[in-house]
Amino acid sequence: MSEALLQVEHLKKYFPLGRGLKKNASFVRAVDDVSLTIAPGETLGLVGESGSGKTTLAQMILGLLPPTEGTITLDGMDIHDRSCRKEFHRSIGAVFQDPASSLNPRTTVYRSLERPLALNGYSAADARELIRETAEKVNLGWELLERFPHELSGGQQQRVSIARAIMLKPKLLVLDEPTSALDVSVQAQTLNELLDLQQRFGLAYLFITHNLSVVRYMSDRICVMYGGRIMELGETEEVYHRHVHPYTLSLLSSVPPLHPRQRDRKKYLLTGDMPSLIGELKGCRFASRCPFAREACREAEPPMRDLGKGHLAACAFAGELEFEKG
Ligand SMILES: Nc1ncnc2c1ncn2[C@@H]1O[C@H](COP(=O)(O)OP(=O)(O)OP(=O)(O)O)[C@@H](O)[C@H]1O
Ligand code: SF4
Ligand SMILES: [Mg+2]
C-alpha cells in the first residue's frame with residue numbers, strides 16, 4: 001500500500017461524567033485505543049451500530065474534539081502542531097448527515113460558501129471564481145446559489161455541503177452518514193457523484209454509515225467498530241467473504257441476501273444492547289452478545305490478530321471459529 005495520508009495511532013476519547021477526569025471518576029470510553037490509516041485516494045468505510053464511537057472518532061480527526069490520548073497525522077502534519085494547524089484544516093473537509101443543520105438558514109448559499117474563503121484570505125473576486133469552479137464540480141447550478149437553504153431540496157443542500165467541504169481542495173473528506181437523511185433515489189445519485197469526485201480529484205474518504213450495502217459499494221477497505229474499539233479491518237471483499245470476527249458476522253447476517261439460494265443460510269442476529277462503556281472494562285467487549293464466547297474471553301482483552309494482507313481482527317479465536325458466511 002502507498003504511504004498513509006492519514007495515520008491515527010492509539011486514539012482514545014474518554015468523556016468525563018459528573019466530576020470530570022479525576023481519580024476514580026467515571027468516564028465513557030467512547031473511543032478506546034483506535035489505530036488506522038487511510039492512503040491517498042482511498043475510501044475507508046467505517047461501520048458499527050449506534051454508539052460504537054464512529055462520530056467521536058471522526059470529530060477527533062476533524063479537530064473538533066480533543067483526544068484524551070493518541071496521535072493524528074495528516075500528510076505528515078501532526079494535529080497538535082500549532083505551526084501547521086491552518087494547513088491541516090485546509091487538507092481535510094467534512095460532510096455531515098443533516099445538510100440543513102450544517103448550513104446557516106439566515107444567509108444565501110453563496111454567502112455560506114464565501115465565508116470560509118474570506119476567512120482564508122480570499123478576495124471577493126477570487127472567492128467568486130473558486131465558488132463558480134466548485135459549484136460546477138458538484139453540478140450545482142449558479143441560480144441555486146442565491147437561494148436560502150430552505151429553498152433547496154435535501155439533495156441540493158447536501159451538494160452545497162459537499163461543495164463547501166471540497167472548496168479549499170482538501171486531500172481527505174470525512175463523510176458522517178452523508179446520505180442517510182436523503183430519499184433513496186437521491187441517495188444513489190449522491191453516492192455516485194461522490195465516487196466521481198473522488199476519481200477526478202484523487203480525494204480520500206473516511207465514509208461512515210450504518211448501511212452495509214452502501215459501505216461495500218463505496219469502500220476499498222472496511223473498519224468495523226464496536227464499543228469504542230476496532231473489531232475487524234480489511235479489504236472490502238475480504239471482510240465481506242472471509243470475515244473472522246463474530247461481530248462482523250452478526251452485522252452481515254442482518255443484510256438480506258442477494259441470491260434466493262442464500263435465503264436459508266444460518267443467521268447470527270444480534271440480541272440485547274451494547275454494554276455500558278463506563279468505568280473499567282474487562283475482557284472482550286463483545287462477549288456479552290457473542291454466540292462463541294468462552295470463559296477466557298471475559299478474562300482478557302483479545303489482542304489484534306493479523307491474518308495477512310492487512311486483515312486484522314480483535315478476537316481471541318479469529319480464524320479458528322467455524323461459521324457459515326454469506
Ligand atoms: N459529549 C459526550 N459526552 C458523553 N458521552 C458521549 C458524548 N458524545 C458521545 N458520547 C458517548 O460516546 C459513545 C459513542 O458515541 P458516538 O456518537 O461516537 O457513536 P456513533 O457510532 O457515531 O453512533 P451513531 O451511529 O448513533 O451515530 C456513546 O456511548 C455516546 O453516548
Ligand atoms: S474474543 Fe470471544 S467473545 Fe470476543 S468476539 Fe472472539 S469469541 Fe466472541
Ligand atoms: Mg454517529
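Reckoned from all heavy atoms, side chains included, excluding hydrogens, waters and symmetry mates. Both counts, for ligands and for their atoms, begin at 1 and track the order of listing. We number each residue from 1, following the sequence as shown.
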Which option wins on minimum heavy-atom distance to atom 3 (S) of ligand 2: Ala287, Ala300, Ser250?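 Minimum heavy-atom distance to atom 3 (S) of ligand 2 goes to Ala287.
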
Run the numbers for me: atoms of ligand 2, each under 4.0 Å from some heavy atom of [X], listed by number.
| X | value |
| --- | --- |
| Cys290 | 3 (S), 5 (S), 7 (S), 8 (Fe) |
| Phe317 | 7 (S) |
| Ala293 | 3 (S) |
| Cys315 | 1 (S), 5 (S), 6 (Fe), 7 (S) |

Between ligand 1 and the protein, which N/O pairs are shorter than 3.5 Å?
| from | atom 1 | to | atom 2 | distance (Å) |
| --- | --- | --- | --- | --- |
| ligand 1 | 18 (O) | Thr56 | N | 2.9 |
| ligand 1 | 18 (O) | Thr56 | OG1 | 2.5 |
| ligand 1 | 19 (O) | Gly53 | N | 3.4 |
| ligand 1 | 21 (O) | Ser52 | N | 3.2 |
| ligand 1 | 21 (O) | Ser52 | OG | 3.4 |
| ligand 1 | 21 (O) | Gly53 | N | 3.0 |
| ligand 1 | 21 (O) | Lys54 | N | 3.0 |
| ligand 1 | 21 (O) | Lys54 | NZ | 2.8 |
| ligand 1 | 22 (O) | Thr55 | N | 2.9 |
| ligand 1 | 22 (O) | Thr55 | OG1 | 2.8 |
| ligand 1 | 23 (O) | Gly51 | N | 2.8 |
| ligand 1 | 25 (O) | Lys54 | NZ | 2.7 |
| ligand 1 | 25 (O) | His210 | NE2 | 2.9 |
| ligand 1 | 26 (O) | Ser50 | OG | 2.4 |

Same cluster or not: are [X] and [Y] linked, directly or through other Ile, Leu, Val, Met, Phe, Trp or Tyr residues, by side-chain heavy atoms under 4.5 angstrom apart?
| X | Y | result |
| --- | --- | --- |
| Met225 | Ile208 | yes |
| Val31 | Leu206 | yes |
| Ile61 | Leu168 | no |
| Leu64 | Phe15 | yes |

Taking the side chain as every heavy atom from C-beta outward, state whether His80 and Pro67 have any atom pair closer than 4.5 Å.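 Yes, their side chains come closer than 4.5 Å.
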
Does some side-chain heavy atom of Thr71 sit less than 4.5 Å from a side-chain heavy atom of Ile79? no

Arg159, Gln158, Lys137 screened by side-chain hydrogen bond (donor to acceptor under 3.5 Å, both in side chains) with Glu193, the one that passes: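 That would be Arg159.
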
Which residue in the set Lys12, Arg285, His10 passes side-chain hydrogen bond (donor to acceptor under 3.5 Å, both in side chains) when paired with Asp32? Arg285

In the protein, which heavy atom is nearest to [atom], and how far is it?
| atom | result |
| --- | --- |
| atom 2 (Fe) of ligand 2 | Cys297 SG, 2.3 Å |
| atom 5 (S) of ligand 2 | His245 CE1, 3.5 Å |
| atom 1 (S) of ligand 2 | Ala316 N, 3.4 Å |

For Phe201, is the NZ or CZ atom of Lys169 found under 6.0 angstrom from the centre of its six-membered ring and inside 45 degrees of the ring axis?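 The answer is no; the distance or angle limit is not met.
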
Is the terminal nitrogen or CZ of Arg216 (NZ for Lys, CZ for Arg) located under 6.0 angstrom from the six-membered ring centre of Tyr240 and within 45° of that ring's axis? yes

Take the Mg ion (ligand 3) as the centre and count protein N, O or S atoms at distances under 2.8 Å. 1

Got a sec: does the CG of Asp273 have more than 12 other heavy atoms crowding it under 6.0 Å?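 For Asp273, atom CG is not crowded (no more than 12 foreign heavy atoms under 6.0 Å).
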
Take Leu36 and Leu57, measure what side-chain contact (heavy atoms from CB on, under 4.5 Å) needs, and give me the verdict at the end. CA-CA 11 Å; Leu36 53 82; Leu57 175 63; 4.1 Å; yes

Between Tyr226 and Tyr247, ring centroids under 6.0 Å: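 Judged by ring-centre distance (under 6.0 Å), Tyr226 and Tyr247 do meet the cut-off.
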
Given Phe292, which of Phe323, Phe317, Phe286 fulfils the ring pair (Phe, Tyr, Trp, His ring centres under 6.0 Å) condition?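 Going through the options one by one, the only one that passes is Phe323.
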
Between atom 4 (Fe) of ligand 2 and Cys284, is there an N, O or S atom separated by less than 2.8 Å?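 It does; at least one qualifying atom falls short of 2.8 Å.
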
